[in-house]
Amino acid sequence: MDQNQKWNFEVGDVVKLKKPHPCGSQEWEILRVGADFRLKCMGCGHQIMVERKLVEKNARALKKKEE
């Protein structure tokens, strides 16, 4: 994805980030969207709050939630 293209983040989507969590997983489920995101690690279930700009900068892939 090029730098100018915007991600369309929604609650329930799974985002793959650049660096892995200490548990080894790189995939995070989005629980809250706004100026900050609440993310849940798909590996161990740990939840974090992180700024939107950091998620946008470090996102490598986005899986939309299945309807």
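For reference, positions follow the sequence shown, starting with 1.
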TODO: Check the hydrophobic clustering (I, L, V, M, F, W, Y; side-chain heavy atoms under 4.5 Å; chains of links allowed) and say if M42 and L62 are grouped together.
DONE: no

Task: Pairwise distance CD(E51) to NZ(K57) - rounded to 0.5 angstrom - done: 10.5 Å

Task: Smallest separation among heavy atoms of S25 and C41, with atom names - done: CB-SG, 3.9 Å

Open item on the list: Which residues pass the side-chain hydrogen bond (donor to acceptor under 3.5 Å, both in side chains) test with E29, not counting sequence neighbours?
Closed with: none

TODO: State plainly whether one hydrophobic cluster holds both V15 and V33, where clusters connect Ile, Leu, Val, Met, Phe, Trp and Tyr through side-chain heavy atoms under 4.5 angstrom apart.
DONE: yes

Open item on the list: Same cluster or not: L54 versus L31, using hydrophobic residues (I, L, V, M, F, W, Y) connected whenever any side-chain heavy atoms lie under 4.5 Å apart?
Closed with: no

Task: Distance in Å, E27 CD paired with K63 NZ, rounded so as to fall on 0.5 Å steps - done: 3.5 Å

Open item on the list: According to ring-ring contact (aromatic ring centres under 6.0 Å, His included), does anything in residues 32-59 pair up with another residue at least two apart or in another chain? List the pairs.
Closed with: F9-F37, H21-H46

Open item on the list: Can you pull out every salt bridge (charged side-chain N to carboxylate O under 4.0 Å, His left out) where at least one residue sits in residues 11-23? Sequence neighbours excluded, please.
Closed with: D13-K64

Task: Pairing residues for R52 by the salt bridge (Lys or Arg N to Asp or Glu O under 4.0 Å) criterion, not counting sequence neighbours - done: E56

Task: Connected-component partners of M49 among ILVMFWY, side-chain separation under 4.5 Å - done: none

Open item on the list: Which residue in the set V55, I48, V50 passes side chain to side chain contact (heavy atoms under 4.5 Å, CB included) when paired with W28?
Closed with: I48

TODO: Please round to the nearest 0.5 Å and tell me the distance separating atom CG of N8 and atom CD of E10.
DONE: 5.0 Å

